[in-house]
Amino acid sequence: MKYQYEDSIKDVLKIQKDVSDEWNQKIFGNLPASEKNDNKTYFYLRKSVACAFMTIVVFLFGGIGISYAAGVKPIRTILDQFTQKNENDINKDTLEGTTLPAPKHKLDMSEYYLDNLGYGYMAFSLSTNDGERENNIALGDSLEAYYTDADHKRKEFVSYEISPVYSEGMEYFDGVQLSFYGSQFMADNEDIVIKMGEEIFKFSDIKITQPHYYEWISSEGSVYLSGVGLLAAPDTPVKNYISSLIGTDKDTEQIATVTYKDGHQECLQLNAFCGGEHSETVIQFSPWTQLQEHLEEGWTWEEVAEEWKYNFSIYTFALDEISKLQIGDIVLDVAEASYR
């Protein structure tokens, strides 16, 4: 099976200025693989056979998924992880971080996504202060992220992951990708801060790029759908249904179907389920593929490479075109939702 990433990504990579904020959207990276924070437990689901195979691939290829060929910007590989790409779905204004103390590097935010439900995905390109590529890849182990409020006080994300982006062969440290969820980072005069060793980079004027979402209201609580996934209240049927599948064989199977207004459907599998018994839960999906079956059949890396990227991408929803999302017997019909 062939997945046409190169064709679908061409329009997205055309950089244009002055795109209106209401159309600016983009997705980057994944939620944290696993972590515990306060009373929340975070799960990141991968198929067992695929995980074992990925360990071998990463060892052989030096970090598949966050590496890229020389001369290609980090953003290209990050974009390759996603489906549903649209020229209108991207913030194209480059933001250059200010640094204290005197910087040895330049870190530029290439593109980002931020929505009203608290999802944020950001990609940064890195170079030395004289414009060269950084060959000290150990710097990638010193990354940290947080944000500051209007009073310049440090604030922590509820959940975040920051990852270095290396060149193919792990020769250069060329970029950073940041994903976070659950923060209140959406107010004016708040800055994203990236710390790399002793260098501190601040990024200001980051606006919400996806202002809209659907909300289904019930007596058990609300379920929200943004372009990158669901946010479900603790006692909602959606949250309880998926929670009941965690740890069973079914948590790696097809779990949902999205139907669009033109009638076509796409099958989805679980990518991330992040939350606790008494907290809102983040639910994200990946496109359903036959990767697991193909790996069990002994397909080579060359045969599954494209399917691999597709299988582990975060599925993105075209909000203006969706008709309904069905999860088990639960149907989230947009005709019954509020579009906010």
Side-chain angles (χ1 to χ4, degrees), residues 12-13 15 26-33 35 44 58 62-82 90-101 103-114 119-148 154-157 159-181 183 185 190-206 209 228 312-314:
V12 174
L13 293 176
I15 305 302
K26 196 58 233 171
I27 321 302
F28 300 100
N30 289 314
L31 288 173
E35 67 175 280
Y44 187 72
V58 170
I64 294 297
I66 57 171
S67 64
Y68 58 96
V72 180
K73 295 181 180 180
I75 191 63
R76 184 178 182 85
T77 293
I78 296 169
L79 284 172
D80 273 347
Q81 298 179 20
F82 300 91
I90 192 164
N91 186 298
K92 303 181 176 72
D93 291 324
T94 298
L95 302 177
E96 182 175 336
T98 56
T99 62
L100 291 173
K104 298 179 181 178
H105 296 88
K106 288 183 64 179
L107 189 69
D108 295 326
M109 183 186 294
S110 303
E111 298 170 6
Y112 70 94
Y113 171 96
L114 181 67
Y119 290 97
Y121 300 92
M122 300 176 179
F124 306 82
S125 59
L126 175 73
S127 64
T128 64
N129 207 28
D130 57 6
E132 300 296 321
R133 299 173 76 184
E134 175 56 67
N135 57 15
N136 180 11
I137 63 173
L139 283 172
D141 297 327
S142 63
L143 296 171
E144 184 181 355
Y146 55 92
Y147 68 100
T148 57
R154 174 171 172 153
K155 300 289 184 178
E156 302 295 337
F157 298 112
S159 171
Y160 85 96
E161 182 178 40
I162 184 167
S163 303
V165 180
Y166 297 117
S167 64
E168 187 174 358
M170 302 286 283
E171 295 180 4
Y172 299 100
F173 171 26
D174 281 321
V176 174
Q177 71 179 59
L178 169 68
S179 63
F180 60 84
Y181 171 73
S183 78
F185 178 77
E190 292 184 331
D191 300 332
I192 289 281
V193 180
I194 306 294
K195 185 175 181 182
M196 184 179 69
E198 298 300 317
E199 296 179 76
I200 296 175
F201 303 85
K202 288 188 177 182
F203 297 85
S204 305
D205 301 321
I206 302 172
T209 62
V228 295
F312 287 104
S313 66
I314 294 176

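Just so it is clear, the values below take in all heavy atoms, side chains as well, and ignore hydrogens, waters and symmetry mates.
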Visitor: Nearest heavy-atom pair of S142 and G197: which atoms, and what distance?
Guide: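 Looking at all heavy atoms of both residues, the closest pair is OG-N, 3.1 Å.
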
Visitor: With a 4.5 Å heavy-atom cut-off, do L126 and V176 have their side chains touching?
Guide: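 A side-chain contact is absent here, since even the closest heavy-atom pair is not under 4.5 Å.
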
Visitor: Out of curiosity, N129 CG to K104 NZ, how far, rounded to the nearest 0.5 Å?
Guide: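 Reported value, rounded in 0.5 Å steps: 11.0 Å.
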
Visitor: Please report the shortest heavy-atom distance between S167 and E171, naming the atom on each side.
Guide: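 Looking at all heavy atoms of both residues, the closest pair is OG-N, 3.2 Å.
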
Visitor: If you define the side chain from C-beta out and look only at heavy atoms, does anything of E161 sit under 4.5 Å from L178?
Guide: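 No; the side chains remain at least 4.5 Å from each other.
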
Visitor: Is T128 close to E134 at the side-chain level, that is, under 4.5 Å between some pair of heavy atoms?
Guide: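 They are in side-chain contact.
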
Visitor: Does Y160 reach the side chain of E144, with side-chain heavy atoms less than 4.5 Å apart?
Guide: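 They are in side-chain contact.
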
Visitor: Looking at Q177 and V165, would you say the former's side chain and the latter's main chain have a donor-acceptor pair under 3.5 Å?
Guide: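 Not confirmed, Q177 side chain does not pair with V165 backbone.
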
Visitor: With the side chain counted from C-beta on, respond yes when M122 and F180 share a heavy-atom pair under 4.5 Å apart, and no when they do not.
Guide: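 Yes; the side chains approach each other to less than 4.5 Å.
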
Visitor: With a 3.5 Å distance limit and no angle check, can you tell me whether D108 reaches the backbone of S110 through a side-chain donor-acceptor pair?
Guide: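 Answer holds: no.
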
Visitor: Rounded to the nearest 0.5 Å, how far apart are CG of D191 and CZ of R154?
Guide: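 The distance works out to 13.5 Å.
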
Visitor: For the residue pair I137 and Y166, what are the closest heavy atoms and their distance?
Guide: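 Shortest heavy-atom separation between I137 and Y166 comes out as O-OH, 3.3 Å.
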
Visitor: Taking the inter-plane angle between the rings of Y147 and F185 on a 0 to 90° scale, is it parallel (under 30°), tilted (30 to 60°) or perpendicular (over 60°)?
Guide: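 Ring orientation, 0 to 90° scale: perpendicular.
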
Visitor: State the CD-CG distance between E190 and D205, to the nearest 0.5 angstrom.
Guide: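 Answer for the CD-CG pair, E190 versus D205, is 12.5 Å.
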
Visitor: So I192 and Y112, do their side chains get closer than 4.5 Å, heavy atoms only?
Guide: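 Not in contact.
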
Visitor: Restricting to ring-ring contact (aromatic ring centres under 6.0 Å, His included), what partner residues turn up for Y146, sequence neighbours left out?
Guide: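 For Y146, no residue satisfies ring-ring contact (aromatic ring centres under 6.0 Å, His included) once neighbours in sequence are set aside.
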
Visitor: Mind checking the CG-OG spacing from L107 to S125? Nearest 0.5 Å is all I need.
Guide: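 That separation rounds to 7.0 Å.
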
Visitor: Heavy atoms, side chains only, cut-off 4.5 Å: are F201 and M196 in contact?
Guide: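 Counting from C-beta outward, F201 and M196 do come under 4.5 Å.
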
Visitor: Can you find a pair of side-chain heavy atoms, one from L143 and one from F173, that are under 4.5 Å apart?
Guide: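 The answer is yes; the side chains approach within 4.5 Å.
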
